[in-house]
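First comes the structure, then the notes that go with it.
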Amino acid sequence: EVQLVESGGGLVHPGGSLTLSCATSGFNFGDYVIGWFRQVPGKEREGISCISVRDGDILYADSVKGRFTITSDNARSSVYLQMISIQDEDTATYYCAAVRAGVREALARYAFLDYWYDYWGQGTQVTVSS
């Protein structure tokens with residue numbers, strides 16, 4: 001059974017830091033792309049980062065570039081999102097998602113389109129409050 005489980009969310013002050021984890025199982029982690037998305041009530045789900053575990057390619061949305069860092073740990077079949085300089089606008093439910101990697105050139109086209117991904121976690125809440 002494929003599973004993706006997010007953890008690490010919580011309450012954080014503006015300017016603070018937080019690291020989210022996505023623990024995966026039930027598929028060959030090394031053949032996949034893992035993406036991070038976030039959603040606030042009333043808004044569309046926003047793709048913010050992805051990593052191709054197979055190829056090592058990484059992408060960030062402009063909204064988080066320079067503040068968030070995505071990494072993978074093959075030994076743990078896990079992906080992490082390190083968040084620094086957190087802002088009020090980062091409040092959201094954060095989800096990780098997985099899809100088997102295709103041709104390398106497809107990543108930039110599809111990475112932030114939620115329909116591309118086959119498997120999703122349950123989400124973890126990040127609340128930014130002063």
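Side chains included, hydrogens not; waters and symmetry mates left out as well; all remaining heavy atoms used.
T91 contributes a side-chain N or O that, together with a main-chain N or O of V128, makes up a donor-acceptor pair within less than 3.5 Å. Side chain of S17 to main chain of I84: no donor-acceptor pair is present (N/O by atom type, distance under 3.5 Å, no hydrogens or angles). Here the side chain of T24 pairs a donor or acceptor atom with the backbone of S77 at under 3.5 angstrom. Side-chain N or O atoms of Y60 include one that pairs as donor or acceptor with a backbone N or O of I70 at under 3.5 Å. Under a 3.5 Å cut-off, the side chain of R45 and the backbone N or O of R38 do not form any donor-acceptor pair. Here the side chain of D90 pairs a donor or acceptor atom with the backbone of Q87 at under 3.5 angstrom. A distance-only check finds no donor-acceptor pair linking the side chain of R76 to the backbone of S72 [under 3.5 Å]. Distance alone, capped at 3.5 Å, places no donor-acceptor pair between the D55 side chain and the D57 backbone.
At a threshold of 4.5 Å between non-hydrogen side-chain atoms, the residues S78 and S21 do not count as touching. Contact of the Y95 side chain with the Q39 side chain is registered, since non-hydrogen atoms from C-beta on lie closer than 4.5 Å. Taking 4.5 Å as the limit, some side-chain heavy atom of N74 sits within range of a side-chain heavy atom of V53. Here the side chains of L81 and S49 are in contact, with some heavy-atom distance below 4.5 Å.
Nearest heavy-atom pair across G9 and L18 is CA-CD2, 4.3 Å. Considering every non-hydrogen atom in both L11 and S129, the closest pair reads CD1-CB, 3.7 Å. For the pair P14 and D88, the tightest heavy-atom approach, listed with the atom from each and the gap, is CG-OD1, 3.5 Å.
Side-chain contact, R100 with Y32: no donor N or O sits under 3.5 Å from an acceptor N or O.
Residues W116 and Y119 are members of separate hydrophobic clusters, defined by side-chain heavy-atom contacts under 4.5 angstrom among Ile, Leu, Val, Met, Phe, Trp and Tyr. Two different hydrophobic clusters hold I34 and L59 under the rule that ILVMFWY side chains link at heavy-atom gaps under 4.5 Å. Both I86 and I48 are assigned to one and the same hydrophobic cluster, defined by single-linkage of ILVMFWY side chains at heavy-atom distances under 4.5 Å. In the hydrophobic cluster analysis, where Ile, Leu, Val, Met, Phe, Trp and Tyr join through side-chain heavy atoms closer than 4.5 angstrom, L20 is grouped together with I51. Under the 4.5 Å side-chain heavy-atom criterion for ILVMFWY residues, no single connected hydrophobic cluster contains both L4 and W120.
Annotation for F27: atom CZ counts as buried by contact number, over 12 foreign heavy atoms lying within 6.0 Å.
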Could you please spell out the steps behind the side chain to side chain donor-acceptor pair (under 3.5 Å) verdict for T93 and Q125? CA-CA 4 Å; T93 302; Q125 178 68 37; 2.8 Å; yes
Could you walk me through whether V79 and T71 pass the side chain to side chain contact (heavy atoms under 4.5 Å, CB included) test, one step at a time? CA-CA 6 Å; V79 169; T71 57; over 6 Å; no
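With rounding to the nearest 0.5 Å, the separation of CZ in F112 from SG in C50 is 5.0 Å. One distance of note links OH of Y94 with OG of S7; it measures 15.0 Å at 0.5 Å rounding. Rounding to the nearest 0.5 angstrom, the gap separating the CZ atom in R67 from the OG1 atom in T69 is 10.5 Å.
Among the candidates M83, E46, E6, the single residue satisfying the side chain to side chain contact (heavy atoms under 4.5 Å, CB included) test with W36 is E6.
The aromatic ring centroids of Y117 and F37 lie less than 6.0 Å from each other.
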